[in-house]
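Numbering starts at 1 and runs along the sequence shown. Small disclaimer: the values here were computed from a predicted structure and weren't measured. Hydrogens, waters and symmetry mates are skipped; everything else that's a heavy atom, side chains included, is used.
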Amino acid sequence: HVQLVESGGGSVQAGGSLTLSCIVSGYTLSTYCMAWYRQTPGKEREGVAAIDSDGSTSYADSVKGRFSISEDHAKYTLYLQMNSLEPGDTAMYYCATEPGTCGPPGWWKLPSLYNSWGQGTQVTVS
């Protein structure tokens, strides 16, 4: 049973930085796609960034150059480094994973691709 637990959210002023963490347990596959999503009330969940098991990364256009996704295999942890935060980045952030590659370009943005989700961590930028 895969469990994902996010942390690191909080309130920050525009231009500031935050690093989100997602600890993964119960996952032993060597092939996977892991992603960060975000959601605001009344809107659909939006893919922010993804990392494939081969280390390749993908980003939403809105965060390219500001956010960086990475993972630490030894700590079973996924990270999202967020710099130059903007009020538009305010959302609940979720990590997600699925037992396969991230697929063709853009495929990683499909929420239905993922079968495990964390409970979310709130990021507020003012």
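Legend: salt bridge (Lys or Arg N to Asp or Glu O under 4.0 Å) pairs involving residues 54-66, not counting sequence neighbours, sorted by first then second residue: Asp61-Lys64, Arg66-Glu86, Arg66-Asp89. Among residue pairs with one or both ends in residues 43-91, none qualify as disulfide bond (SG atoms under 2.5 Å apart); sequence neighbours excluded. Each salt bridge (Lys or Arg N to Asp or Glu O under 4.0 Å) pair with one or both residues in residues 93-114, not counting sequence neighbours, would appear here, but there are none. Among residues at least two apart or in separate chains, ring pair (Phe, Tyr, Trp, His ring centres under 6.0 Å) pairs with a member in residues 35-68 are Tyr37-Tyr114, Tyr37-Trp117. Residue pairs meeting the side-chain hydrogen bond (donor to acceptor under 3.5 Å, both in side chains) criterion with at least one member in residues 40-50, sequence neighbours excluded: Arg38-Glu46, Gln39-Arg45.
Rounding to the nearest 0.5 Å places CG of Leu110 at 11.0 Å from SG of Cys102. Taken to the nearest 0.5 Å, the CG atom of Leu4 stands 5.5 Å off from the OG atom of Ser116. Going from atom CD of Glu71 over to atom OG1 of Thr77 covers 10.0 Å, rounded to the nearest 0.5 Å. Rounding to the nearest 0.5 Å places OG of Ser70 at 8.5 Å from CG of Leu80. Expressed to the nearest 0.5 Å, how far OG1 of Thr101 lies from OH of Tyr32 amounts to 12.0 Å.
Partners of Tyr93 under the ring-ring contact (aromatic ring centres under 6.0 Å, His included) rule, at least two apart in sequence or in another chain, do not exist in this structure. Residues that satisfy the side-chain contact (heavy atoms from CB on, under 4.5 Å) test with Ser58, not counting sequence neighbours, are Trp108. Scored by the side-chain contact (heavy atoms from CB on, under 4.5 Å) test, His1 finds Gln3 as partners (sequence neighbours excluded).
Val125 and Val63 end up in the same hydrophobic cluster when Ile, Leu, Val, Met, Phe, Trp and Tyr side chains are linked at under 4.5 Å. Cluster membership for Leu78 and Val123, using ILVMFWY side-chain heavy atoms within less than 4.5 angstrom, is shared.
A distance-only check finds no donor-acceptor pair linking the side chain of Thr97 to the backbone of Met34 [under 3.5 Å].
Between Pro99 and Asn115, the closest heavy-atom pair is CD-ND2, 3.3 Å.
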Side-chain donor-acceptor distances from residues 8-23 under 3.5 Å, at least two apart:
residue : atom : partner : partner atom : Å
Ser17   : OG   : Asn83   : OD1          : 3.0
Thr19   : OG1  : Gln81   : OE1          : 2.4

task: Please report the C-alpha distance between Val48 and Met82 in whole Å, then the side-chain angles of each, then the deciding distance to 0.1 Å, and finally whether the side chain to side chain contact (heavy atoms under 4.5 Å, CB included) criterion is met.
output: CA-CA 11 Å; Val48 175; Met82 305 186 294; over 6 Å; no
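Through direct or relayed side-chain contacts under 4.5 Å between Ile, Leu, Val, Met, Phe, Trp and Tyr, Val5 connects to no other residue.
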